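Sequential numbering from 1 along the given sequence is applied to the chain's residues. Both ligands and their constituent atoms are indexed starting at 1 by order of listing. As the structure is a prediction and not an experimental result, all values here were calculated from the model.
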Amino acid sequence: MAKLWTEPVTTALRADGLRVADIDTSATPGFIGGKQLGKAMLPERGELLSVLQEKLFAHGRTGGDRKVLLILQGMDTAGKGGIVRHVIGSVDPQGVDHASFGVPTEEEKAHDFLWRIRKRVPTPGQLGVFDRSHYEDVLVVRVHDLVPQSEWEQRYDQINAFEKEVADAGTTIVKVAMFVSLDEQKRRLRARLERPDKYWKFSPADITERAFWPEYQKAYQAILDRTNTDYAPWYVVPADHKWYSRLAVTELLIDALTGLGLDWPKAGFDVAEQLRLLDQS
Ligand code: ADP
């Protein structure tokens, strides 16, 4: 089959030097196959992802300490839920630790913003997924002045230090920022309002938040400028095309898991001997 990626997804989507205002949310960086092929590829790539994730799980079960953490951020309707369902959904759930972070509870508010996050970092062999994350503490919190600027300003450095600690403990961190256009968001919100089976996904606040779009763009820019590190890089995923964002995140995870260089654990027993004993049993 002809080559469908013109460059690795990790370089096509790296956020280095990127201006949020310049993001073409309907683009498909690096991929020239188009929708039909892109959609058709997903199950096959999901199978590879599943095998790689099982290797990670087996590694954890046999004393290994590696883990992978996918951090998902994006405006409402950007498709984080679709990534969880269609990408993470292709792997064995026992190896996945999915954590979603909503408005902090009273107990969470009484602690440092990283308190609830630390509790959910993946354990050995796990693929952790943060569905929203500590980045909300410099996004919604910054946009709505939920804490004074002097406090959120410090958080970028605190986040970098925290992620360094997590990475040093054997975690490959993959940060994905999904971007839809304001128009596409409007279409998706309308679709939610036109379908009773989608009402549950809608909140009136989704509409009022649209007025803050420029402030969110600024807050996302600050994140990309200040927390895009070599140990926890940001990837910017245009998300107007759901088939593309799902394929792209699948490829990012395949890359992260392949990078671990894991093989199936060696048998801790004499296989021939066990086969002989089995035959005799
Ligand atoms: P989702 O929109 O991801 O499906 P919810 O409908 O539960 O999930 O929305 C979660 C909400 O929690 C979002 O509006 C988000 O901005 C908010 N949130 C998350 N973290 C924080 C935080 N640290 N402070 C204030 N609000 C937060």
Any non-hydrogen protein atom less than 4.0 Å away from atom 1 (P) of ligand 1: yes
Under 3.5 Å side-chain donor-acceptor pair for D240 and T25: yes
Top protein contact for atom 12 (O) of ligand 1, by heavy-atom distance: V103 N, 3.1 Å
Within-shell test, S203 vs ligand 1, heavy atom, strictly < 4.0 Å: no
Side chains of D270 and Q274, donor plus acceptor under 3.5 Å: no
Nitrogen or oxygen atoms of D137 and ligand 1 under 3.5 Å apart: yes
Atoms in ligand 1 with a heavy atom of G102 nearer than 4.0 Å: 10 (C), 12 (O), 18 (N), 19 (C), 20 (N), 21 (C), 27 (C)
Which segment of L139 sits under 4.0 Å of ligand 1 when only heavy atoms are counted: neither
Protein heavy atom under 4.0 Å of atom 5 (P) of ligand 1: no
Exercise check, heavy-atom protein proximity under 4.0 Å to atom 24 (N) of ligand 1: yes
Pair H134, E163: side-chain N/O donor-acceptor within cut-off below 3.5 Å: yes
Close-contact set for ligand 1 against V141 heavy atoms, below 4.0 Å: 24 (N)
Cationic tip of K119 above W115 ring, under 6.0 Å, 45° of axis: yes
E108 to ligand 1, any heavy atom closer than 4.0 Å: no
Check: Y135 ring centre within less than 6.0 Å of F130 ring centre: no
Distance flag, aromatic centroids of Y220 and W234, threshold under 6.0 Å: no
Interfacing atoms of ligand 1 (cut-off 4.0 Å, heavy-atom, D76): 2 (O)
Mode of V140 contact toward ligand 1 - side chain, backbone, both, neither (heavy atoms, under 4.0 Å): side chain
Donor + acceptor pair across side chains of H144, E209 (<3.5 Å): yes
For atom 15 (C) of ligand 1, the protein heavy atom that lies nearest, with its residue and separation: E136 OE1, 3.5 Å
Single-linkage hydrophobic cluster F162~V176, side-chain heavy atoms < 4.5 angstrom: no
Among R116, K109, R132, H134, closest by any non-hydrogen atom to atom 20 (N) of ligand 1: R116
P104 neighbourhood, listing ligand 1 atoms whose heavy-atom distance to it stays under 4.0 Å: 21 (C), 22 (C), 23 (N), 24 (N), 25 (C)
Polar contact flag, side-chain donor to acceptor under 3.5 angstrom, Q185-R210: yes
Within 45° cone and under 6.0 Å: R132 NZ/CZ vs F101 ring: no
